[in-house]
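This report refers to the structure that appears directly beneath it.
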Number of protein chains: 2
Amino acid sequence: METKIPISVDCVIFGFDDKELKVLLIKRSQPPFQNCWALPGDRLRIDEDLRHAANNVLDRLTGVRDIYLEQLFVFGRLDRHPSDRVVTIAYYALVNISENEPKPSSFASRAEWIRISKIGDLAYDHRKILDKALRRLRRRFRGRPVGFELLPEKFTLSQLRRLYEAVLDQPLDKRNFRRKMLKMDFLLPLEEKQKDVAHKAARFYSFNRERYEELAAQGIRFEF
Amino acid sequence: METKIPISVDCVIFGFDDKELKVLLIKRSQPPFQNCWALPGDRLRIDEDLRHAANNVLDRLTGVRDIYLEQLFVFGRLDRHPSDRVVTIAYYALVNISENEPKPSSFASRAEWIRISKIGDLAYDHRKILDKALRRLRRRFRGRPVGFELLPEKFTLSQLRRLYEAVLDQPLDKRNFRRKMLKMDFLLPLEEKQKDVAHKAARFYSFNRERYEELAAQGIRFEF
DNA sequence: GCAAAAGTGTTGGTTGTACACCCATGA
DNA sequence: TCATGGGTGTACAACCAACACTTTTGC
């Protein structure tokens, strides 16, 4: 009985443009699913480490590189691929859109940031993979402070709040949000403020990752 | 470039004997890692669905069958197998020890429930897999009411508390635990009480899964 | 001066935590 | 009658949700 099976990796890359949550998709230039939108993904080679493979695939198809990919789930239904049996390992990541301009290549004729709300069906079972990634993302946002990867280095508390509102898909009270976040004590207030805005300039903050790790190591729980 | 890769499935099966958390292990009768303890696991066949494969493997090696296995993680380091490259998909489950007496067969010379605290190193990277499963188990126990699978159908609140104490590895206040659990309103108090115990007989409860699903569907969060 | 977003406190209700004694039972 | 675990209540602290006005800025 055959026990060697093709494995692929697929990447769900989330970005945020200060208003909406987006995902990095490619348009396939080849069958199967020619001209369909799909998650960037390709076969795993036998000498590739899994996470490296995911990074390589992503780079090959979209030019996005060197990001931290986290394993999401394995999808292995017998019928998930139209011809072969292919087991796919899905990875996901959060990145800053403005620092990751996609450039299509290989079998991707296009590679673009697409708004979540505009995404319909995708190639293979990629829509299911995306939905799973979205559920995971929401759970993560409630359970601990993530998502700083989706923002620029310096951000205002309103930007951070809008991100949470976009991901959790619900409005959040400005004052309570601010208090809760600042109490956690891993946001570093900067001297710098917004400029050229038609309203009171907001203070910038940066995420103090070291402080966060320190607190997390002490077992502190950051519920949201 | 070769892109077909052997895949295996490994199962981390947790049980609880009213005192300690245990895991179902096999002793391998074949190389590699002959005579080492290992998680029950074997190759995935090309026509097997993933979860079925995990159930089949578990049944073949230990006789434990028809349990709900949840996907844990994929382990795919290039060096995790001494000769080939094998990517493994780990599954985990919680079962009631007294209803799942292991019977070794196939390449398992033994199949036993082993106390977590007694487990040293295991074959392959199985120790790492076990550690990951333990971390997941603890997180699950905090985040929602799980673990009823580890108990008999009817159980006392003390049994439930001892389970939580064993998994979370910390003592819990009797009164607070009781209040918190009962407030969640998915434990069904039964008329039946303990018998032949040298102290006041405790009331039995059962887990009202329907009520739980109903509450969960309403978006109620059960933090512990 | 107006539109737009920033920033700021208080209150009432809920929840979590710490803690100690009496009860029922079998040996 | 003693040892064992079952079962119960309260008080204080911490946390959360709801809510409105003043400030700064560019146009």
Side-chain angles (χ1 to χ4, degrees), chain A residues 17-19 141-145 151-152 154-166 168 170-206 215 218-224, chain B residues 16-20 141-145 151-152 154-166 168 170-206 215 218-224:
Chain A
D17 69 353
D18 231 48
K19 286 197 205 75
F141 262 72
R142 289 191 188 280
R144 71 186 87 146
L151 294 174
K154 302 167 181 176
F155 51 86
T156 68
L157 280 167
S158 290
Q159 281 179 290
L160 185 59
R161 181 168 47 83
R162 280 193 294 274
L163 169 60
Y164 270 71
E165 290 177 331
L168 300 181
Q170 65 178 244
L172 299 169
D173 182 86
K174 187 164 60 153
R175 280 166 292 189
N176 293 337
F177 181 85
R178 166 178 290 266
R179 183 178 21 224
K180 223 188 263 189
M181 275 294 164
L182 292 178
K183 181 166 57 68
M184 293 185 197
D185 195 33
F186 48 69
L187 289 184
L188 192 69
L190 306 175
E191 291 308 311
E192 199 176 340
K193 295 195 174 184
Q194 287 180 317
K195 280 187 183 136
D196 303 317
V197 285
H199 53 77
K200 182 170 173 179
R203 178 181 293 279
F204 283 116
Y205 291 80
S206 68
L215 292 167
Q218 287 166 34
I220 293 178
R221 307 222 282 143
F222 312 92
E223 296 279 323
F224 194 83
Chain B
F16 180 64
D17 70 354
D18 231 46
K19 287 198 205 75
E20 275 204 80
F141 262 71
R142 290 193 186 280
R144 71 186 87 148
L151 294 175
K154 300 167 181 179
F155 51 86
T156 68
L157 280 166
S158 289
Q159 281 180 289
L160 184 59
R161 180 168 48 82
R162 281 194 293 274
L163 170 61
Y164 269 72
E165 290 178 331
L168 301 180
Q170 65 178 243
L172 298 170
D173 182 86
K174 187 164 58 155
R175 281 168 291 191
N176 294 337
F177 181 85
R178 165 178 290 265
R179 187 180 16 230
K180 223 188 260 188
M181 274 296 163
L182 291 178
K183 181 165 57 70
M184 293 186 197
D185 195 32
F186 48 69
L187 289 185
L188 193 68
L190 306 176
E191 291 309 311
E192 199 177 342
K193 295 195 174 183
Q194 286 179 318
K195 281 188 183 138
D196 304 316
V197 285
H199 53 76
K200 181 170 174 179
R203 177 184 293 280
F204 284 116
Y205 291 80
S206 69
L215 292 167
Q218 287 168 35
I220 292 177
R221 307 222 282 143
F222 311 92
E223 296 278 323
F224 195 83

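Bear in mind that the values here come from a model prediction, so they are computed numbers and not experimental data. Here is how names work: the chains are called A, B, and so on, in the same order as the sequence lines, proteins then strands, and each is numbered from 1.
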| query | Within this structure, what is the CZ-to-P distance between B:R203 and C:dC23, rounded to whole angstrom? | reply | 18 Å
| remark: The first and last nucleotides of DNA chain D lying within contact of chain A, meaning any atom under 4.0 Å from one of its heavy atoms, run from D:dA17 to D:dG26
| field | Gap between atoms CZ and P, on A:F177 and C:dA5 respectively (whole Å) | value | 17 Å
| Which heavy atom of B:R142 sits nearest a heavy atom of B:L168, and at what distance? | CG-CD2, 4.1 Å
| message | When the axes are fitted on five pairs at both termini, how much does the helix from C:dG1-D:dC27 to C:dA27-D:dT1 curve, in 10° steps? | response | 0°
| field | Minimal non-hydrogen separation, A:P145 against A:Y164, with atom names | value | CA-OH, 3.7 Å
| Atom pair CZ/CZ of A:R175 and A:R161 - distance to nearest 0.5 Å | 11.0 Å
| note | On a heavy-atom basis, the closest approach of B:L157 and B:F177 is O-CE2, 3.8 Å
| query | Is A:Q218 reaching over with its side chain to a backbone N or O of A:L215, donor-acceptor style, under 3.5 angstrom? | reply | no
| message | Rounded to whole Å, how long is the line connecting atom CG of A:N176 with atom P of C:dG12? | response | 16 Å
| request: Pull out every residue in residues 181-189 of chain B that has a heavy atom closer than 4.0 Å to any atom of DNA chain C, ordered by number, or say none. | output: none
| message | Counting only side-chain heavy atoms from C-beta out, which of C:dT17, C:dG26, C:dA5 sits nearest to B:A198? | response | C:dG26
| query | If every non-hydrogen atom of B:A166 is compared with every non-hydrogen atom of B:K19, which pair is closest and at what distance? | reply | CB-O, 4.0 Å
| field | Between C:dG7 (P) and A:K200 (NZ): distance, integer Å | value | 6 Å
| said: Please confirm whether the shortest side-chain N or O distance from A:S158 to OP1 or OP2 of C:dA5 is below 4.0 Å. | reply: no
| query | Quick one: B:D196 CG to C:dT25 P, roughly how many Å, whole number? | reply | 12 Å
| request: For residues B:Q194 and B:H199, determine if any side-chain heavy atom of one lies less than 4.5 Å from a side-chain heavy atom of the other. | output: yes
| field | Whole-Å gap separating P (C:dA18) and CG (B:L172) | value | 11 Å
| Does A:R161 get its side chain close enough to the base of C:dA6, under 3.5 Å, for a donor-acceptor pair? | no
| query | Which part of the nucleic acid, if any, lies within contact of A:R178, taking any heavy atom under 4.0 Å across all strands shown: a base, the sugar-phosphate backbone alone, or nothing? | reply | base
| query | Going from OG on B:S158 to CZ on B:R178, what distance comes out if it is rounded to the nearest 0.5 angstrom? | reply | 7.0 Å
| Can you tell if the side chain of B:F16 reaches within under 4.5 Å of the side chain of B:R162, non-hydrogen atoms only? | yes
| query | Do the side chain of A:R179 and the base of C:dT10 come within less than 3.5 angstrom through a donor-acceptor pair of N or O atoms? | reply | yes
| request: Using only heavy-atom distances, decide whether a donor-acceptor pair under 3.5 angstrom links the side-chain of A:K174 to the base of C:dG7. | output: yes
| said: Rounding to an integer number of Å, can you tell me how far A:Q194 CD sits from C:dA6 P? | reply: 7 Å
| said: Need to verify one output field. Residue with the more 5' nearest nucleotide on DNA chain C, B:D173 or A:Y205? | reply: A:Y205
| message | Counting C-beta onward and ignoring hydrogens, is there a side-chain heavy-atom pair between A:F204 and A:T156 closer than 4.5 Å? | response | yes
| said: As a test of reading the structure: which of C:dT25, C:dA6, C:dT17 is closest to the side chain of A:A202, going by heavy atoms? | reply: C:dA6
| Are the side chains of A:L187 and A:F155 in touch, meaning some heavy atoms are under 4.5 Å apart? | yes
| Shortest non-hydrogen contact between B:E165 and B:L172, atoms and distance | OE2-N, 2.8 Å
| request: Looking at every strand, decide which applies to A:R162 at a 4.0 Å heavy-atom threshold: base, sugar-phosphate, or nothing. | output: nothing
| query | Nearest-Å distance, CG (A:L160) to P (C:dA5)? | reply | 18 Å
